[in-house]
Undergrad: 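This is the structure I have questions about; it appears just below.
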Amino acid sequence: MRVLILGAGPAGMTAAQSLRELAPSRSLQPDITIVSGEPFPPYSPPAMADHFLTGREQSLYWLGKDICHRLGADYRAGTEAQAFDPDRRRVVLDDGTELDYDKLVIASGSRLYAPVEGYELPGVYNFKSLTAARELVEHARRGEVRSALIVGAGFIGVEVALLLSSLGLDVTMIQRRWVMPRMLDTETASLVLHELQRRGITVLENTEAVRFVGDERVAGVELGDGQTATADACVAATGVKPNVDYLAQSGLDIGWGVRVDNRLRTNLPDVWAAGDVAETRDRLTGARFVHAIWPNARAQGAVVARDMLGYAANYEGAERMNSMKHLDLPIVAVGEAEGERELRWRRGDQLRKIFLTDGRIVGFRLAGDIRGAGAYRALMLRGSDLSGFGDDILDPRFGIARCAGVVGV
Ligand SMILES: Cc1cc2nc3c(=O)[nH]c(=O)nc-3n(C[C@H](O)[C@H](O)[C@H](O)COP(=O)(O)OP(=O)(O)OC[C@H]3O[C@@H](n4cnc5c(N)ncnc54)[C@H](O)[C@@H]3O)c2cc1C
């Protein structure tokens with residue numbers, strides 16, 4: 001069996017590892033080919049910032065640089081799939097190579113989504129891939145850029161701001177609403193804002209970036225009030241979008257991402273999709289969504305391998321969760337950022353917010369003290385009815401005790 005995996009991120013690599021681990025016998029081991037658009041060994045995007053700060057490679061190349069060799073996989077790095085013909089079961093790469101397959105895994109991840117005019121101007125950087133991030137950091141290291149404007153203060157924007165500020169750049173962020181609006185409610189976001197400001201980062205909230213301006217090279221960003229902000233470099237951190245362009249003529253069912261069923265099969269035979277490229281069901285709400293986070297990519301890669309090998313495979317659904325690790329303040333955000341009822345406890349920089357609907361946790365945000373996060377998540381996923389417990393739920397010991405069956409049984 002020839003398995004072709006498009007993408008060497010956590011989704012594709014987990015699928016490859018799981019295939020090797022689960023194949024029932026040596027003779028049934030598939031031939032695995034992995035295609036990666038970038039000329040590096042498989043790497044971890046969340047580890048990029050730390051790598052640039054410390055030079056460490058261990059967490060960047062999270063599986064070891066020789067992982068494809070160890071897996072006995074044919075690794076084609078630095079070339080992208082350009083077209084895919086499901087009738088002939090063939091993928092054409094941009095270097096002209098044609099690869100035939102029996103089973104195909106689409107794990108091509110996501111790329112920068114920049115709905116801001118002028119983002120393609122030279123000098124507009126992004127941090128969505130190791131190639132792009134390296135270019136930006138090398139300019140900064142060579143002293144060619146001393147100031148940066150970052151459009152977007154979402155998760156990646158904040159990570160880039162912290163990195164560039166640590167490298168000595170004067171950093172300004174432009175954000176339409178508040179910091180990390182998709183992840184945090186305004187009160188939790190205000191703690192992040194404070195941390196950014198404490199490090200000398202300027203954040204322009206409630207500010208629209210209308211377009212990147214410049215002739216041959218970007219010179220700045222035109223703002224909603226007609227003014228133009230300028231800096232040596234601009235960074236687009238405006239979101240991510242599934243890498244699906246090359247699949248347009250394939251007959252695949254594509255919405256925002258590649259649509260898959262609960263076994264992560266696409267509408268085409270012997271074709272699966274996993275990770276940031278796949279539009280799956282939200283575990284809590286059942287709605288179709290692309291939750292572009294690492295744990296979802298890993299879990300989906302494993303489900304694809306199980307299903308391909310004929311084991312029972314049922315994907316429980318993607319989760320919405322994130323944590324901030326580069327601020328001095330730990331923050332965990334899980335599920336929805338609002339509910340019918342909001343429980344709140346705050347002491348200084350320590351903030352706990354739990355959102356409930358119909359007596360059940362639908363989301364929570366913890367800052368400063370993140371104890372109990374795992375237990376709250378378990379209660380949320382179980383759909384435990386907590387109607388009778390009021391503010392006791394805010395005590396981190398509550399969730400743990402309740403999960404252990406101590407409270408309210
Ligand atoms: C800076 C940054 C920080 C992050 N921090 C966190 C974090 O702290 N926690 C968290 O949960 N998530 C984080 N994420 C998100 C997380 O990295 C992604 O959700 C995860 O990497 C998705 O895995 P994937 O395998 O689907 O795609 P990716 O990791 O994007 O990998 C996609 C692969 O597909 C290849 N590819 C693309 N197009 C093609 C093509 N046409 N043909 C063949 N190959 C192709 C690429 O070269 C790459 O190998 C972060 C992301 C970034 C960018």
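Heavy-atom basis, side chains included; hydrogens, waters and symmetry copies ignored. Everything quoted here is computed from the prediction, not taken from an experiment. Read the numbers this way: they start at 1 and go in the same order the structure lists the ligands and their atoms.
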Undergrad: Whether Lys103 engages the ring of Trp272 as a cation-pi pair (distance to the six-membered ring centre under 6.0 angstrom, angle to the ring normal within 45°) should be assessed.
TA: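 Pair Lys103/Trp272 does not count as cation-pi.
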Undergrad: Considering residues, nucleotides and ligands other than Glu144, do more than 12 of their heavy atoms fall under 6.0 Å from its CD?
TA: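 For Glu144, atom CD is crowded (more than 12 foreign heavy atoms under 6.0 Å).
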Undergrad: How are the rings of Tyr101 and Phe84 set to each other: parallel, tilted or perpendicular (split at 30° and 60°)?
TA: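 Ring orientation, 0 to 90° scale: tilted.
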Undergrad: Taking distance alone, with no angle check, do Ala274 and ligand 1 share an N/O pair under 3.5 Å?
TA: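 Not met; the criterion fails.
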Undergrad: Check ligand 1 against Glu38 and write out every atom of the ligand that is under 4.0 Å from a heavy-atom position of the residue.
TA: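 Close to Glu38: 47 (O).
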Undergrad: Considering heavy atoms of the protein only, find what lies nearest to atom 8 (O) of ligand 1 and give residue, atom and distance to 0.1 Å.
TA: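 Going by distance alone, atom 8 (O) of ligand 1 is nearest to Lys325 NZ, 2.7 Å.
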Undergrad: Number the atoms of ligand 1 from 1 as they appear, then name those within less than 4.0 Å of a heavy atom of Ala11, with their elements.
TA: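 Result: 25 (O), 26 (O).
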Undergrad: Regarding His139 and Tyr125, do their side chains bring together a donor and an acceptor under 3.5 Å, going by distance alone?
TA: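 Yes, because at least one side-chain N or O of His139 sits under 3.5 Å from a partner of the opposite role on Tyr125.
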Undergrad: Using a strict cut-off of 4.0 Å, indicate which atoms of ligand 1 neighbour a heavy atom of Ala297.
TA: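 Under 4.0 Å from Ala297, ligand 1 has these atoms: 22 (C), 23 (O).
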Undergrad: Closer than 4.0 Å to some heavy atom of Ser110 - which atoms of ligand 1 meet that?
TA: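 So the answer, numbered in order with elements, is 30 (O).
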Undergrad: Ligand 1 versus Ser129, non-hydrogen atoms closer than 4.0 Å: side chain, backbone, both, neither?
TA: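 Neither part.
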Undergrad: Do Ala81 and ligand 1 have an N or O pair less than 3.5 Å apart?
TA: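 Between Ala81 and ligand 1, an N or O pair is found under 3.5 Å apart.
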Undergrad: Using a strict cut-off of 4.0 Å, indicate which atoms of ligand 1 neighbour a heavy atom of Pro295.
TA: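 Close to Pro295: 11 (O).
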Undergrad: At what distance is the nearest protein heavy atom to atom 22 (C) of ligand 1, and which residue and atom is it?
TA: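 Answer, as residue, atom name and distance: Asp276 OD1, 3.2 Å.
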Undergrad: Is it the side chain (CB and beyond), the backbone, both or neither of Gln82 that lies under 4.0 Å from ligand 1, heavy atoms counted?
TA: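 Looking at Gln82 and ligand 1, no heavy atom falls under 4.0 Å.
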Undergrad: Classify the contact between Trp294 and ligand 1 as side chain, backbone, both or neither, using a heavy-atom distance cut-off of under 4.0 Å.
TA: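 The answer is both.
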Undergrad: Could you pull out, from Pro242, Gly9, Ala77, Pro10, the option with a heavy atom nearest to atom 23 (O) of ligand 1?
TA: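 It is Pro10 that holds the nearest heavy atom.
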Undergrad: Crowded around Glu342 CD? As in, over 12 foreign heavy atoms under 6.0 Å?
TA: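 It does: Glu342 CD has more than 12 such atoms within range.
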Undergrad: Return yes if a side-chain donor-acceptor contact under 3.5 Å exists between Asp170 and Ser147, otherwise no.
TA: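 There is no such pair between these side chains.
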Undergrad: Who's the nearest protein heavy-atom neighbour of atom 49 (O) of ligand 1, and how far?
TA: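 In this structure, atom 49 (O) of ligand 1 has Ala8 N, 3.0 Å as its nearest protein heavy atom.
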Undergrad: Does Tyr43 reach the main-chain N or O of Leu130 with its side chain, forming a donor-acceptor pair under 3.5 Å?
TA: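 Indeed, once roles are kept as given, a pair shorter than 3.5 Å links the two residues.
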Undergrad: Tell me: protein heavy atom nearest atom 13 (C) of ligand 1, and distance?
TA: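 Sorting protein heavy atoms by distance from atom 13 (C) of ligand 1 puts Pro46 CG, 3.6 Å first.
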Undergrad: Using distance alone, decide if ligand 1 has a nitrogen or oxygen within less than 3.5 Å of any nitrogen or oxygen in Ser323.
TA: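 It does not: no N or O of Ser323 is found under 3.5 Å from an N or O of ligand 1.
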Undergrad: Starting from atom 51 (C) of ligand 1, locate the nearest protein heavy atom and write down its residue, its atom name and how far away it is, to 0.1 Å.
TA: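 For atom 51 (C) of ligand 1, the nearest protein heavy atom is Pro45 CB, 3.8 Å.
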Undergrad: Answer yes or no: does an N/O atom from Ala292 fall short of 3.5 Å to an N/O atom of ligand 1?
TA: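 N/O-N/O distance below 3.5 Å exists for this pair.
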Undergrad: I need the nearest protein heavy-atom contact for atom 1 (C) of ligand 1: residue, atom name and distance, please.
TA: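 Looking at atom 1 (C) of ligand 1, the protein heavy atom closest to it is Phe127 CD2, 3.5 Å.
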Undergrad: So if I count the atoms of ligand 1 from 1 in the order they appear, which ones are less than 4.0 Å from some heavy atom of Gly275?
TA: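 Within the 4.0 Å cut-off of Gly275, ligand 1 contributes 26 (O).
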Undergrad: Can you tell me the protein heavy atom closest to atom 39 (C) of ligand 1 and the distance?
TA: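 Scanning the protein heavy atoms, the shortest distance from atom 39 (C) of ligand 1 goes to Ser108 CB, 3.7 Å.
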Undergrad: Output every pair passing salt bridge (charged side-chain N to carboxylate O under 4.0 Å, His left out) with a member in residues 116-130, not counting sequence neighbours, ordered by first then second residue.
TA: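 Sorted pair list: Glu117-Arg211.
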Undergrad: Check whether the ring centres of Tyr376 and Phe364 lie less than 6.0 Å apart, and answer yes or no.
TA: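 Here the rings of Phe364 and Tyr376 have centres that are less than 6.0 Å from each other.
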Undergrad: Checking a contact table here: which protein heavy atom is nearest atom 46 (C) of ligand 1, and how many Å away?
TA: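 Ranking protein heavy atoms by distance from atom 46 (C) of ligand 1, first comes Gly37 N, 3.9 Å.
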Undergrad: Have a look at ligand 1 and work out which part of Ile293, if any, has a heavy atom under 4.0 Å from it: side chain, backbone, both or neither.
TA: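 Both backbone and side chain.
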Undergrad: Counting only heavy atoms, which portion of Val35 has something under 4.0 Å from ligand 1: side chain, backbone, both, or neither?
TA: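 Near ligand 1, Val35 shows its backbone as well as its side chain.
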Undergrad: Any donor-acceptor pair under 3.5 Å linking the side chain of Glu222 with the backbone of Thr228?
TA: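 Absent.
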Undergrad: Considering residues at least two apart in sequence or located in another chain, which fulfil the side-chain hydrogen bond (donor to acceptor under 3.5 Å, both in side chains) criterion with Arg263?
TA: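 Arg263 satisfies side-chain hydrogen bond (donor to acceptor under 3.5 Å, both in side chains) with Asp307 once adjacent residues are dropped.
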Undergrad: Check ligand 1 against Gly109 and write out every atom of the ligand that is under 4.0 Å from a heavy-atom position of the residue.
TA: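 Near Gly109, meaning under 4.0 Å from one of its heavy atoms, ligand 1 has 26 (O), 27 (O), 30 (O), 32 (C).
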Undergrad: Does any donor atom in the side chain of Arg298 or Thr14 lie under 3.5 Å from an acceptor atom in the other side chain?
TA: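 There is such a pair (donor and acceptor under 3.5 Å, judged by atom type) between the side chains of Arg298 and Thr14.
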Undergrad: Please evaluate residues Leu19 and Glu21 with respect to the criterion side chain to side chain contact (heavy atoms under 4.5 Å, CB included), reporting the C-alpha separation (whole Å), side-chain torsions for both, the decisive distance (0.1 Å), and the verdict.
TA: CA-CA 6 Å; Leu19 283 169; Glu21 282 161 19; over 6 Å; no
Undergrad: Using only atom types and a distance under 3.5 Å, with no angle test, would you say the side chain of Arg283 pairs donor to acceptor with the backbone of Tyr315?
TA: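 A pair under 3.5 Å: no.
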Undergrad: Between Glu316 and Arg281, is the closest basic N to carboxylate O distance under 4.0 Å?
TA: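 No, this pair does not count.
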Undergrad: Only heavy atoms of Phe155, strictly under 4.0 Å: list the atoms of ligand 1 that pass.
TA: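 Those qualifying, in numeric order: 4 (C), 5 (N), 6 (C), 7 (C), 8 (O).
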